[in-house]
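Values reported hereafter were calculated over all heavy atoms of this structure, with side chains retained and with hydrogens, waters and symmetry mates removed. A note on names: the letters A, B, ... follow the listed sequences, proteins ahead of strands, and every chain is numbered from 1.
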Protein chains: 2
Amino acid sequence: MTAASGGQQTARPTRLPRSARRKQLLAAAQQIFVAHGYHAAAMDDIAERAGVSKPVLYQHFPGKLELYLALLDTHCDAIIAKVRGAMLASPDNKDRVKGAVRAYFDFMDHESEAFRLVFESDLRNDPQVRQRVERVEQGCIAAVTDTIISDTGLRPDQAELLASGLAGAAGQAAQFWLANGRRTPKAEAEALVAALIWRGIASFPLQGGSTAGTPAEIG
Amino acid sequence: MTAASGGQQTARPTRLPRSARRKQLLAAAQQIFVAHGYHAAAMDDIAERAGVSKPVLYQHFPGKLELYLALLDTHCDAIIAKVRGAMLASPDNKDRVKGAVRAYFDFMDHESEAFRLVFESDLRNDPQVRQRVERVEQGCIAAVTDTIISDTGLRPDQAELLASGLAGAAGQAAQFWLANGRRTPKAEAEALVAALIWRGIASFPLQGGSTAGTPAEIG
DNA sequence: TTGCACGCCGATCTTGACCTCCACGGAGCC
DNA sequence: GGCTCCGTGGAGGTCAAGATCGGCGTGCAA
């Protein structure tokens, strides 16, 4: 029944400065939230994981929801920035697709916890959480939409629809790739998905390129 | 005023045969679960929505989780069947893609509640729920995977990766389409997404070269 | 050395939601 | 027509989990 009964948390209850303690609490909360989801995650578990007691947790965060939101805010901007960065990294659309897909897979590979925290959140019904998650999705879609509009001349609603499909493809494939234990080599998986997406979007008729009417005609 | 407040529940507390009562309870539960999610949905709300009291609910279902699982089971097979049916409806891959995309959009259009119930579940951490949801995803992916393998000769892991991407594209696009209030006309949206997917997958190097016009290298 | 301040912990409270017990009312039967 | 039975309804128990209060030990200044 000693204090150090658990596992790899701090061996002894040592006093930490506030910023370090806060970062440690955020890390512990991220592990618990990702492992069990928001609802199944108990504040007791987070505190135990961090090697402190619950009051310390409540001295750093007003409540469970605020802790979760702080964690979300830590990652939301990073995700948008990565996708947008891939869009801005090159003027060649093929490279852009490759870069965006690589961004998804990199994020999955190295920060899968953040990805799952945002995109598999079980608190999307909460307005605060919903707003943040939708901001990320809209941000990713918007980054792609601009390119689609400027290159294909589709209407904004059409371009956004396609962009959402592309984002869904990349996200779902990356998720599937990770969930199946990285069975396919990462570079190969990236190339496959990038090819899929590139072939899909590149074939769309350019402005003034072909017969007008319905650009969505399959043929 | 209590019984007839919401919508089309039984106007008066009439005695119903068990099967009809059960169906009514399932319908009420679906509305509540979709509207508020699993956790925020209260059994009191479901009972009130159905116009009965809680004991009746517990005479039909042992508990909240079982009620949710029964609801899930009602729809899981339907979703898989629709996608698989679209795959089997035609030997032409282009028609298959069209049919599958139409299946997604039809499901979104007409049974969006079922879609949201399955794919936006906030109880995916529960093993029972996770198993069912993953079975649907795997079923949809598997249906497409067989076609991809037989037509492109890719390895199973590669084909499954692409299939997951395609399913993600269709699902995300359909979800986006619905979330934005069906802004784009349905037929046009279907055609756009089907074209995106078909262009993406049809360009992959064929083994026999049946449907795709020009096999192209993966860039 | 001694008083002070501060961060930390065990134990506790409260709320809210899932899940059952006692009264009522209509339907079938003699 | 009266008795019995079954299903309904509201009120209550229980428990888990979020949120909080008095005590303790350490480091610093005078």
Counting heavy atoms from C-beta on, name the nucleotide in D/dA19, D/dT8, C/dC18 closest to the side chain of A/Y58. D/dA19
Integer-rounded Å distance: C/dC8 C1' and A/L25 CG: 12 Å
Which value, rounded to the nearest 0.5 Å, describes the distance between A/E160 atom CD and A/D146 atom CG? 9.0 Å
Check ion pair B/R155-A/E188 (N to O, under 4.0 angstrom): yes
Length of the CZ-C1' vector between B/F61 and C/dC19, whole Å: 16 Å
Looking only at the side chain of A/K54 (C-beta and beyond, no hydrogens), which of the listed nucleotides C/dC19, C/dT12, C/dC8 gets closest? C/dT12
Shortest side-chain distance from A/P55, nucleotide among D/dG10, D/dC21, D/dG12: D/dC21
Let me know the distance between CD of A/E66 and C1' of D/dG18, rounded to the nearest Å. 12 Å
A/E48 CD to C/dG10 P, straight-line distance once rounded to whole Å: 11 Å
Partner of A/D77 under salt bridge (Lys or Arg N to Asp or Glu O under 4.0 Å), chosen from A/R135, A/K82, A/R132, A/R84: A/R135
Starting at NZ of A/K64 and ending at C1' of C/dT15, how long is that distance when rounded to a whole Å? 15 Å
What parts of residues 39-47 of chain B reach DNA chain D, counting only heavy atoms under 4.0 Å away? none
Under a 3.5 Å distance rule, please check whether A/K64 uses its side chain to pair with a backbone N or O of A/Y38 as donor and acceptor. yes
Ring geometry between B/F33 and B/Y68 (parallel below 30°, tilted from 30 to 60°, perpendicular above 60°): perpendicular
CD on A/E190 to CZ on A/F105, rounded to 0.5 Å: 6.5 Å
Could you state the interatomic distance from CD1 (A/I141) to CD1 (A/I148), rounded to the nearest 0.5 Å? 10.0 Å
Round to a whole Å and report the spacing from CG of B/L67 to C1' of C/dA17. 15 Å
Would you please confirm or rule out a distance under 4.0 Å between OP1 or OP2 of C/dC8 and any side-chain N or O of A/R21? yes
Rounded distance (Å) that lies between atom P of C/dT20 and atom CG of B/L57: 12 Å
